[in-house]
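Here is the structure we will look at, set down as structure tokens.
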Amino acid sequence: MNTKYLESIKLQLGYSVNTRPNLVHLRDGLVVLYKRNHSQVWQMRYQLYDKQWRRISTGHRDLDFAIRTAGDIYDKARFRERLGLAQTTKKFSAVAKLCVKELQNEISADIKPHTNSYYIRTIDKHLTPFFGYYNPNRINGAVMKKY
């Protein structure tokens, strides 16, 4: 990537381009685009009010598309943050594993051992095989009809 091109982007769009050609700062440094050595696709990291950095691929090789995508991802994340929604969601199988672990802890504490064993069998045998790859917030009436 040539330096003149990067400088023209900096002037036109108002964001800073680091001296390293594979590093672009957006939104006052809260969004950073970068390329890994082994990849042609632009990656991004962004920071919200909780001060934690999140990383995600833009999925684009072209810097202009990566910039637009990064802006969209960041805007959606800020919107979710304002509404108090989770930034990431776990698959049903991950949530089911946590639930089974809690049920096993209750069994160890001698809390409803027969009932909790039944719940674990139901989760493992019937629910996880079908719903395992779904995000829980995507399970709707149509998915339930398939089940």
Side-chain angles (χ1 to χ4, degrees), residues 1 6 9-10 12-147:
M1 190 177 300
L6 291 175
I9 290 174
K10 180 180 176 181
Q12 292 171 4
L13 300 176
Y15 61 84
S16 66
V17 177
N18 196 319
T19 55
R20 293 176 21 200
N22 290 338
L23 191 65
V24 179
H25 293 273
L26 307 167
R27 311 276 177 102
D28 295 327
L30 295 174
V31 177
V32 180
L33 286 171
Y34 59 96
K35 276 191 178 178
R36 294 184 180 141
N37 291 336
H38 63 281
S39 177
Q40 296 296 314
V41 177
W42 285 94
Q43 308 293 318
M44 72 173 281
R45 66 178 181 257
Y46 62 94
Q47 188 179 47
L48 298 174
Y49 289 119
D50 63 4
K51 303 294 184 196
Q52 292 183 3
W53 287 98
R54 291 156 176 84
R55 290 168 182 77
I56 190 169
S57 174
T58 64
H60 295 288
R61 294 173 183 230
D62 181 65
L63 180 59
D64 293 331
F65 287 128
I67 289 168
R68 289 184 198 146
T69 301
D72 290 344
I73 291 170
Y74 181 69
D75 290 340
K76 287 177 186 173
R78 291 280 311 273
F79 181 73
R80 293 182 68 78
E81 183 180 49
R82 277 188 223 118
L83 293 178
L85 300 173
Q87 293 298 324
T88 57
T89 58
K90 296 187 181 289
K91 300 285 185 201
F92 183 91
S93 59
V95 176
K97 282 181 186 178
L98 291 173
C99 182
V100 166
K101 187 176 179 181
E102 278 296 313
L103 291 169
Q104 288 170 339
N105 289 341
E106 287 185 10
I107 291 170
S108 297
D110 204 32
I111 301 171
K112 301 182 193 174
H114 296 295
T115 304
N116 287 334
S117 295
Y118 172 75
Y119 291 158
I120 291 171
R121 281 193 309 275
T122 303
I123 290 168
D124 290 341
K125 187 175 179 181
H126 300 288
L127 300 178
T128 302
F130 183 83
F131 295 109
Y133 293 105
Y134 283 97
N135 283 331
N137 60 344
R138 300 275 189 228
I139 296 174
N140 56 21
V143 174
M144 293 304 294
K145 282 182 183 178
K146 284 182 188 178
Y147 178 71

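What you see is a predicted model, and the numbers here were worked out from it, not measured in a lab.
The two atoms that bring Gln47 and Trp53 nearest to each other are NE2-NE1, 3.6 Å, heavy atoms only. Listed here is the closest heavy atom pair of Ala66 and Thr58: CB-OG1, 3.7 Å. The minimum heavy-atom distance between Ile107 and Ser117, with the atom names listed, is CD1-OG, 3.5 Å. Contact record, Lys90 with Pro136: O-CD, 2.9 Å, taken as the closest heavy-atom pair.
Side-chain N or O atoms of Asn116 include none that pairs as donor or acceptor with a backbone N or O of Gln104 at under 3.5 Å. Listed for the Asn140 side chain is a donor-acceptor partner under 3.5 Å among the backbone atoms of Val143. Put simply, the side chain of Asn135 never gets that close to the backbone of Arg138: no donor and acceptor are under 3.5 Å apart.
Summarising the geometry, atom CG belonging to Leu127 is positioned 12.0 Å from atom OG belonging to Ser93; distances are rounded to the nearest 0.5 Å. Taking CD1 of Ile111 as the reference point, atom CG of Leu103 lies at 10.5 Å (rounded to 0.5 Å). Going from atom CG of Asp124 over to atom NZ of Lys97 covers 10.5 Å, rounded to the nearest 0.5 Å. Between atom CG of residue Leu33 and atom CZ of residue Arg45 there is a gap of 9.5 Å, rounded to the nearest 0.5 Å.
Using modelled atom types, one finds a donor on one side chain and an acceptor on the other under 3.5 Å when comparing Arg78 with Tyr49.
Side-chain contact between Lys35 and Val41: absent, with no pair of heavy atoms (C-beta onward) separated by less than 4.5 Å. A heavy-atom distance below 4.5 Å is not found between the side chains of Arg55 and Met44. Residues Ile56 and Ile73 are in side-chain contact: their nearest non-hydrogen atoms beyond the backbone lie under 4.5 Å apart. The closest side-chain heavy-atom distance from Trp42 to Asp62 is not below 4.5 Å. Residues Val24 and Val31 are not in side-chain contact: their nearest non-hydrogen atoms beyond the backbone lie 4.5 Å or more apart. Counting only heavy atoms from C-beta outward, the side chains of Phe92 and Thr128 approach each other to under 4.5 Å.
The side-chain tip of Arg27 does not point at the ring of Tyr46 from less than 6.0 angstrom away and within 45° of straight on.
Atom OH of Tyr118 has 12 or fewer heavy atoms from other residues, nucleotides or ligands within 6.0 Å. Environment of CD in Glu102: sparse, with no more than 12 heavy atoms of neighbouring residues, nucleotides or ligands closer than 6.0 Å. Counting heavy atoms of neighbouring residues, nucleotides and ligands inside a 6.0 Å radius, atom OH of Tyr119 does not exceed 12 of them.
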message: Determine whether Lys112 and Glu106 satisfy the following criterion, side-chain contact (heavy atoms from CB on, under 4.5 Å), listing intermediate values before the conclusion.
response: CA-CA 7 Å; Lys112 301 182 193 174; Glu106 287 185 10; 5.5 Å; no
- prompt: Checking salt bridge (charged side-chain N to carboxylate O under 4.0 Å, His left out) for the pair Asp75/Arg80: CA distance, chi angles, key distance, verdict?
  reply: CA-CA 9 Å; Asp75 290 340; Arg80 293 182 68 78; over 6 Å; no
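The six-membered or imidazole ring of Phe131 lies near that of Tyr147, with a centre-to-centre distance under 6.0 Å.
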